[in-house]
Amino acid sequence: KSSKGVDGAALIEGSIEDEVDLAFSMITKPITEDQTNRWVGIPIETEAIEVHGKIKGTLQKPIVEIKTHSENLCALGQNINDCTLNIIHENGKNMVSGELIGLGKLNSGRVSVIGELDLNKLNLNASIYEFPLSYINPLLEKSTVSLGGNLNGAFKVSGGMNNPQIKGDGIIDSCTVQVGYMGTKYTVSGGFHVEPDAIELNGLEVDDGNGGNGKLVGTSLHNSFKDWNLDVALSAENEPIEVMDIPYSPTRYFYGKGSAIGDINVFGYDGNIVIEANITTSKGTEFVLPMDVVESNKWSSFVEIKNEE
């Protein structure tokens, strides 16, 4: 029997005979990102972790049960308020279950995980409840959009710790999408599908907050959530939807404010986003092409006025 159980030293009680029957507990020292980067290749920082466990079976075939709890964990630069992780090691396999509660600066949402865990092979089922979409924005740092609101979904995670493969379906409810380049902000609701290298939008409902609405479909391809390649389309058929709210700037190719009916396609990759619009503007739309920024004979390279009414 050990007399310690704090600062990384374990308190162990039990017996070791033909069968092992041990119980242990400890409180670890704080864990740094440098340590977890060496261990699993993922930067995680946390305060002291409470650990409780049991060891049964034989020395040749032990059964190890571990239960952990930590608070104020920081993973990939984002805060997680409360984290529990349970592991059962038996016959060379690690069966895990865990829950993350209170994600990001909003301190909301819950992620539950259950399945088989190995550093090189994952077989996990994950469910997400009220997951803050702002948590995803650091992965989109070179994107032209910023996300807000929550999502719910169920996903299958395979692959390895360094390259997880995620597949499943989710629903976003009253998500906000801010398109900085066009100065617009929308409320978006509907379903989406996730493949290991893509996120597919399945006809999301879009509302501009001013009475305009439309449908959003498309796909975002990625390489381990990097090197994003976007191809989405917004269609407004009934009521004009806001398409631009850009203040004057001496360096902009165009600026103005307006709504329209028609189709807008956005596609491309980091730093090379193309916006194509085939639209009919509504009354009050102001679209300005400054002559001091772009020579008039080059306007036709990216703008075609079909009807000057």
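All residue numbers refer to positions in the sequence shown, counting from 1.
I261 and L234 are assigned to two separate hydrophobic clusters, defined by single-linkage of ILVMFWY side chains at heavy-atom distances under 4.5 Å. One hydrophobic cluster holds both L204 and V194 under the rule that ILVMFWY side chains link at heavy-atom gaps under 4.5 Å. In the hydrophobic cluster analysis, where Ile, Leu, Val, Met, Phe, Trp and Tyr join through side-chain heavy atoms closer than 4.5 angstrom, V217 is grouped apart from I199. In this structure, L221 is not a member of the same hydrophobic cluster as F267, with clusters built from ILVMFWY side-chain heavy atoms closer than 4.5 Å. F192 and V157 fall within the same hydrophobic cluster, defined by Ile, Leu, Val, Met, Phe, Trp and Tyr side-chain heavy atoms under 4.5 Å apart, directly or through other members.
Looking at E200 and T219, their side chains never bring a donor and an acceptor atom within 3.5 Å of each other. Defined by atom type and a distance below 3.5 Å, a donor-acceptor pair is present between the side-chain atoms of S235 and D263.
Looking at E116 and L122, their side chains never come closer than 4.5 Å, going by heavy atoms from C-beta outward. Side-chain contact between I279 and I264: present, with at least one pair of heavy atoms (C-beta onward) separated by less than 4.5 Å. Under the 4.5 Å side-chain criterion, counting only non-hydrogen atoms from C-beta, E65 is not in contact with I87. Side-chain contact between Y255 and S249 is absent, with no heavy-atom pair separated by less than 4.5 Å. Side-chain contact between T187 and E205: absent, with no pair of heavy atoms (C-beta onward) separated by less than 4.5 Å. In this structure the side chain of I66 reaches within 4.5 angstrom of the side chain of F24, judged on heavy atoms. Considering only heavy atoms from C-beta on, Y248 stays 4.5 Å or farther from V288 through its side chain. Using a 4.5 Å heavy-atom threshold, the side chains of V243 and T184 count as separate.
If you take SG on C83 and CD1 on I101, they are separated by 9.5 Å, rounding to the nearest 0.5 Å. Rounding to the nearest 0.5 Å gives a distance of 7.0 Å between CD1 of I114 and CE of M95. Taken from CD1 in I241 to CG in D207, the straight-line distance is 7.0 Å, to the nearest 0.5 Å. Distance check, rounded to the nearest 0.5 Å: CD1 of I88 to NZ of K93 gives 13.5 Å. Atom-to-atom distance recorded for N150:CG and C175:SG is 9.0 Å, nearest 0.5 angstrom. Here the NZ atom belonging to K185 is positioned 12.5 Å from the CG atom belonging to D245, to the nearest 0.5 angstrom.
At distances below 3.5 Å, at least one donor-acceptor pair connects side-chain atoms of D208 with backbone N or O atoms of N210. Side-chain atoms of T28 come within 3.5 Å of backbone N or O of I49 as a donor-acceptor pair. Not one N or O on the side chain of E45 forms a donor-acceptor pair closer than 3.5 Å with the backbone of P43. No side-chain donor-acceptor contact under 3.5 Å links D227 to the backbone of H222. A side-chain donor-acceptor contact under 3.5 Å links S282 to the backbone of S259. Under a 3.5 Å cut-off, the side chain of H193 and the backbone N or O of G168 do form a donor-acceptor pair.
With respect to E242 and K257, a salt bridge is recorded, a charged nitrogen being found less than 4.0 Å from a carboxylate O.
Closest heavy-atom contact between E71 and T46: O-OG1, 3.7 Å. Across all non-hydrogen atoms, the minimal contact from D18 to T58 is O-CG2, 3.8 Å. Heavy-atom minimum distance, N125 versus K156: OD1-CD, 3.3 Å. Between Q165 and P196, the closest heavy-atom pair is OE1-CB, 2.9 Å. In terms of heavy-atom proximity, S15 sits nearest to L22 at N-CD2, 3.6 Å. Residue E130 comes nearest to N152 through the heavy atom pair N-OD1, 2.7 Å, listed as atom of the first residue, atom of the second, then distance.
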query: side chain to side chain contact (heavy atoms under 4.5 Å, CB included) between V113 and E99: does it pass, once the steps are laid out?
result: CA-CA 6 Å; V113 177; E99 191 168 62; over 6 Å; no
- request: Starting from the C-alpha separation in whole Å, work towards a yes-or-no answer on side chain to side chain contact (heavy atoms under 4.5 Å, CB included) for I27 and V51.
  value: CA-CA 6 Å; I27 299 176; V51 181; over 6 Å; no
- request: Could you walk me through whether D21 and E19 pass the side chain to side chain contact (heavy atoms under 4.5 Å, CB included) test, one step at a time?
  value: CA-CA 6 Å; D21 186 8; E19 294 280 331; over 6 Å; no
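Counting non-hydrogen atoms of other residues, nucleotides and ligands closer than 6.0 Å to NZ of K56 gives a total above 12.
Ring geometry for F287 versus F254: interplanar angle of 30 to 60°, hence tilted.
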